[in-house]
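In what follows, a single structure is set out as C-alpha cells and then discussed.
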Amino acid sequence: MEAEAGDLVEVSYKGRTYRGILMPSSSQYTVIKLDNGYNIGIGADSVKLLKKAEKRGEVEREEESAEGKVAILGCGGTIASKVDYRTGAVYPSITPSELRAIFPELARWPIASKQVLSVFSEDMGVEEWFKICENVESALKEGAKGVVILHGTDTLSYTAAFLSYALPSLPAPVVLVGAQRSSDRPSSDNRLNLMNAVFSATQDFGEVAACMHASTNDDFCYLHRGTRVRKMHTSRRDAFKSVSALPLAKVDYRNQSFEAFSSLKNRAPLRAEKHFNANVCMVYAHPNLSPKLVEKLRDFDGVLFVGTGLGHLPLGFFGGKGVYKEVKELVESGVLVAIASQCLAGRLSHNVYSNGRLLKELGVVGDGLDWTPEAAYVKLGWVLGKEKDVKKAKTLLERNVAGEISRRSWVGDGYQGRY
Amino acid sequence: MAIKAGIEIHQRLNTGKLFCRCPSILCDEKPLFSFFRRLHAVASELGEVDIAAEKESERARLFEYQVYPRACCLVEMDEEPPSEMDKTALKVALEIAQALNADIVDEIHVMRKIVLDGSNTSGFQRTALIAMNGYIETSKGRVGIESIALEEESAGIVAREGGKAVYRLDRLGIPLVEISTSPDIKDGAHLKETAEKIGMLLRMSPYVARGLGTIRQDVNISVEGGARVEIKGAQDLHTLPLLLEKEVRRQKALLEIIEEVKKRGARPGAIKEVTDLFKDTSSKIVKNRCVFGLEMKGFEGLLGKELYEGRRFGTELSDYAKSMGVRGIIHSDEDLAKYGFSSSEIASLRASLGNCFVLVAGEEGLKALEEVKRRASMLFVPKETRKANADGSTSYMRPLPGRARLYPETDIPPIATAPLLPHLTKLLTPQELEKTLEQQVGKEFAKKLIKSHHLHLFLRLSQHYPPKLVASLLENTLVALRREGVMVDESLVKELLSLYAEEKIVKSAFPDILAFAAKHGLSVKEAVERLGVERIKGSELKRLVEREGRDFKKIISKYRLRVDPKELKEMIG
C-alpha cells in the first residue's frame, strides 16, 4: 500500500532511517514530521509505510432551528480557518459547530449555526451576497434573536454595505465579524471578536453592523455601522474603523457592557430589497488618467469614480489634457456616474473649485455626500438593480438609505470618532 | 544509578532579527507604550492539545507588552505576518551545522512551537530544524549532535504579578541557534566539557553574540528508574556538574518517598475550604483571605523529607501550587506556630483535615491545591521542565511538553538548502584558529584572543594593522581601561589605529587618548588635539633633539606621549 499524508512512515536518507508522520509536500522533497515535532523536507531514498493513519470522522453538520437563538452563519474567512497541508496555507474550513467546541464561552448564549459558504472573501461577489442575505432572512423568519456572520476581512465592508441596503428593515441585529489573526494561533483575535459579535447580536436594535477589535489590546471591540465600516490596515487587529462617523457602540462581553455611541436603528418588521446590477464599476482617479479608459466605461450602467480631494477628476480645466470630454459623453450616453473621495474620510463639495462645479453641471452624483468608496459602489449597483430609469436611480442614489450618507459631519478626524 | 544526559545550547546571533528587519538590540530607554493580550490553547494539526500548553492556558493570564520602536515593529506585536528568514542568520546557522559535522536537511520547514506563558505575542515560537546527526569530539568520546535548529528568541520578562505578566518586546525575534546533543554525556565534568567545546566552536563565527545572556544551556537528564527532566536556563557552566548531581539525588529521594507512600498506602484526600477556622486569627498569612486545605493522610514526615539541602518533598508540592499563581503552601510537617497560628487553630485544622495536610491561602487556593493533589498522587517521578537556580538546585516549571507542541508556520514557505550550500564559509576549528593566531602574535596572546570577546575584531583589524600591535591594544590596553571602568567602543579603536598608521600619534599615548575620548564622548582626533599629544616626528623631532640635546632618556621621559622611541633612537644613532 502506498503511504499517504498522515501515515506513520520510515524513510531512509543519507544512510540513516527516520520515523515520522508523512506530511503533504509542495516540492520534490518528502516532508515528514519527526518525533520531536519538527517537519523537515528531505530527498528520501525510500519511504516505507509503517501504519496507516486513522481516518478522522467527518464533522456532523447540524441544521437546527434558529428560533430564540443567535444564528451564526459561517461564510469563510480567517475567523474560521485551519491549515491546509496540500498547500501549507490557511483555508476557511471550520464549521460553526466546530466553533462551539473551540469557544466554550459560547455556552453563555443559545446559538444555532450553519455553514453557508466556504470562500475567500476576496472571491466573493453578488452571488455570495445574495446567498448570505437569503440565509439571514431565513434565520430571522425562523425567529432568530440575532444573526452573526463569520466573514473574511478583505471584503467584509462590501458585504456589510450590501446587506445594509438589501435589508432596510430588520427585526434583530445582523453582525458581521472576522479575524485578522488566523484561528489556529493562540493569539488569534477571533475569540474576542466573535464573543463580542454574539453579545452584540443579543442587544436591542435592528441594523447591519460589523464587530471588530477596537485597538491592538485584547480588551473590547467596536461595533461599526455596515455602511461606515472600512478595513484601514492590511494586518492589524484594529484595522476596521468607522469612517466619517462614530462607531455605533463599545462592546465588552466580559463585563456585559454594551455602550452605544450613536443611536442605533430600532427593530422593525423584516423587509428585504435584494437586487443588484453588477454592471457597475469603480475607477480610481489619478494623475494622467487616460481618456481612453474613461471612453471605454460607456459599456457600464454605472461608474463610480474614486476622485481626489473634495471629489475631483483630472478634467483638464485649464486647457490641459484631461477627461472632461469623456466624462461628459459618459453621462450623456446614459451611464449613471457618481464620485467618492480617495481621502476616504470627509464630505465631498462640488462648489469650491471649478473642477467640482463642472462635474456638478455634468450631472455627476457626489456633491455634499460623505460616503465611503465601498458604500458608494455597492449603493450604485443596488440602486441600478432597483431602478432602470437613470433619473429615478439618480435621485435614490443621492438619498440616504442605510446611514451611508449623513447630513452633519462628526467633529473628529474621520476615523473611529477620534478627535 | 545510571544516568543519561544531553545538553541543549541556545546561542543568540548578532545578525538582524530572524523574521523582521529590526536590529537585534536591547534598549535602555523607556518603552514608548504598552498593550495587553490574552492567549488561548488551540488544537494542533494532529487534533491534540498539548498538556504543557493546556496547563499554561489554565492560568488564563493577562499579558502586557512593552514596545521599543527602535528594536521592534508590528511583527513583534503580532500585528503583521513575518518577513522571510534573515539570510545571514540562516547562513551562519548552516555554517555552524557544518562545523558540527551535521547533515543539513534538504528543505527547511519553519514551525510554530506553542508557548502560552506570554513570552511570545503570537503564542508560539518560530523554529526550524536545519540539520541533524552531527557530532563533536570530547575527551570521553564523541558526543552526538541530534539536531540543530534556528529559532526566535522570546520576549524578556519584566514582572509577574498575580494573574498578569509583563514582557518587553526588544528581545523578541533575535535569532537563536539551538544545538541539542544526544544523551551521550556521561557525568557532570563531561557535561561541562561538552558545553564548553560547543561554546568555543560557536564563537568561531563572527555572527555569534557575546556577553551576558547571549548563551543559555538546558540540560536533559534521564535517571534509570526515574524520569526524564529538562532543566532550563543554566547560565553558568560551572554549576552544570552540581546541577546533574542534585537532580540525581532529587530523583533518588523521590523514588524512596514513592516506595514509602506505596508501603503506607498513603493518598491525598479531599480539598476543603477552611476559611472559617481563621475568623479571629492573628496570623498575617491567612487573615482576611480564603484558605483551602488538602487532606494528606499517610504523608506524615514525608512532606518534610529532604531531597537535598534546601529542598524537601513539600518544596516540590509547593512548586506545583506556585504554578497556579499562589505564593506557596503551608504543610503539617512544618512548625505551624511560625506562621502565627494559635494552638486552638491548629487543633481545629487537625480536626477538620486530619494530622497531615497542606494549606493554601488566597483566591487561587483551590486551583493550587488541585495541582498539589495531582502531584502527590503520582506514584512515579514526573517528566518535567524545571528551572535552574543559581545554586545548582532546580524548581518545577511545567510538565515536559509532548510532540503536539509544533505545527507548521504557514506564513513562511519552505526553504530549499541546496542553493545556499555553495555560499557557506567553512568555519575554522578553535584548534586551527589558535594555531594561526600563535604564528601571528605568539602563544600567550593567542590563548587570550581565542577566548576573548574581541576575537573577531582582532581578526578584522589584523588584516590592516600589525597583529601584535592590535593584540596588545585589545587584550592589554582595553582590558586595563575596562578594569578602570572605561568602556571603549569599536569605532574609537579603529580611528586610533588609523591615526597611528598615519604616524600622527605614538603607541605610548594610546591609553590616555582612548580614556579621554571615551570619557568625554570625543573622537580620537579631537582627544589628540585637546590633550596636545600629536606625534613629533621628522624635521620637528630633529629640531627637538637639537634643542634638548642627544639624550634619549631625557627626551623620552619628557616627550613619552609624543615621540616614537624607534625614530628617536635612529636619529640619535
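- Closest heavy-atom contact between B:Leu116 and A:Pro186: CD2-CB, 3.3 Å.
- Looking at B:Ile412, neither its backbone nor its side chain comes within 4.5 Å of chain A, counting heavy atoms on both sides.
- Residue B:Glu363 places its CD atom among 12 or fewer non-hydrogen atoms of other residues, nucleotides or ligands, all under 6.0 Å distant.
- The neighbour count for B:Glu84 CD, taken as heavy atoms of other residues, nucleotides or ligands under 6.0 Å away, does not exceed 12.
- We find the CG-CG distance between B:Leu406 and A:Asn36 to be 7.5 Å, quoted to the nearest 0.5 Å.
- With a 4.5 Å cut-off on non-hydrogen atoms, B:Leu74 touches chain A through its side chain but not through its backbone.
- With a 4.5 angstrom heavy-atom cutoff, A:Arg191 touches chain B only via side-chain atoms.
- Interatomic distance, CG of B:Asn133 versus OH of A:Tyr18, reported as 3.5 Å (0.5 Å rounding).
- If you tally non-hydrogen atom pairs under 4.5 Å between each of B:Thr417, B:Asp106, B:Ile130, B:Leu129 and chain A, the highest count goes to B:Asp106.
- Remark: A:Gln180 CD to B:Asp78 CG distance equals 11.0 Å, nearest 0.5 Å.
- Between B:Pro81 and A:Ser235, the shortest heavy-atom contact is CD-CB, 3.9 Å.
- We find the CD1-CD1 distance between A:Ile40 and B:Ile108 to be 11.0 Å, quoted to the nearest 0.5 Å.
- The number of heavy-atom neighbours closer than 6.0 Å to NZ of A:Lys48, taken from other residues, nucleotides and ligands shown, is 12 or below.
- A donor-acceptor pair shorter than 3.5 Å cannot be found between the side chains of A:Tyr13 and B:Asp103.
- How far CZ of B:Arg38 is from CZ of A:Arg254: 3.5 Å, rounded to the nearest 0.5 Å.
- In summary, of the residues considered (B:Met132, B:His109, B:Lys113), a side-chain contact (heavy atoms from CB on, under 4.5 Å) with A:Tyr38 occurs for B:Lys113 alone.
- In plain terms, the two heavy atoms of B:Glu79 and A:Arg236 that are nearest each other are OE1-CA, 3.1 Å.
- Separating the CG atom in A:Asn39 from the OH atom in B:Tyr407 is a distance of 12.5 Å, to the nearest 0.5 Å.
- Only the backbone of B:Thr121 comes within contact range of chain A, with heavy atoms under 4.5 Å apart.
- Using a 4.5 Å cut-off between heavy atoms, B:Ala128 contacts chain A through its backbone alone, with no side-chain atom that close.
- B:Asp411 and A:Arg185 make their closest contact through OD2-NH2, 3.3 Å (heavy atoms, listed as atom of the first residue, atom of the second, distance).
- A:Thr216 has its side chain within reach of B:Arg37: a pair of non-hydrogen atoms, C-beta onward, lies under 4.5 Å apart.
- In this structure a side-chain-to-backbone donor-acceptor pair under 3.5 Å is missing from A:Ser187 to B:Leu39.
- The environment of NZ in B:Lys232 is crowded: more than 12 heavy-atom neighbours from other residues, nucleotides or ligands sit within 6.0 Å.
- Using a 4.5 Å heavy-atom cutoff, the side chains of A:Arg237 and B:Met77 are not in contact.
- Other residues, nucleotides and ligands contribute at most 12 non-hydrogen atoms within 6.0 Å of the CZ atom of A:Arg19.
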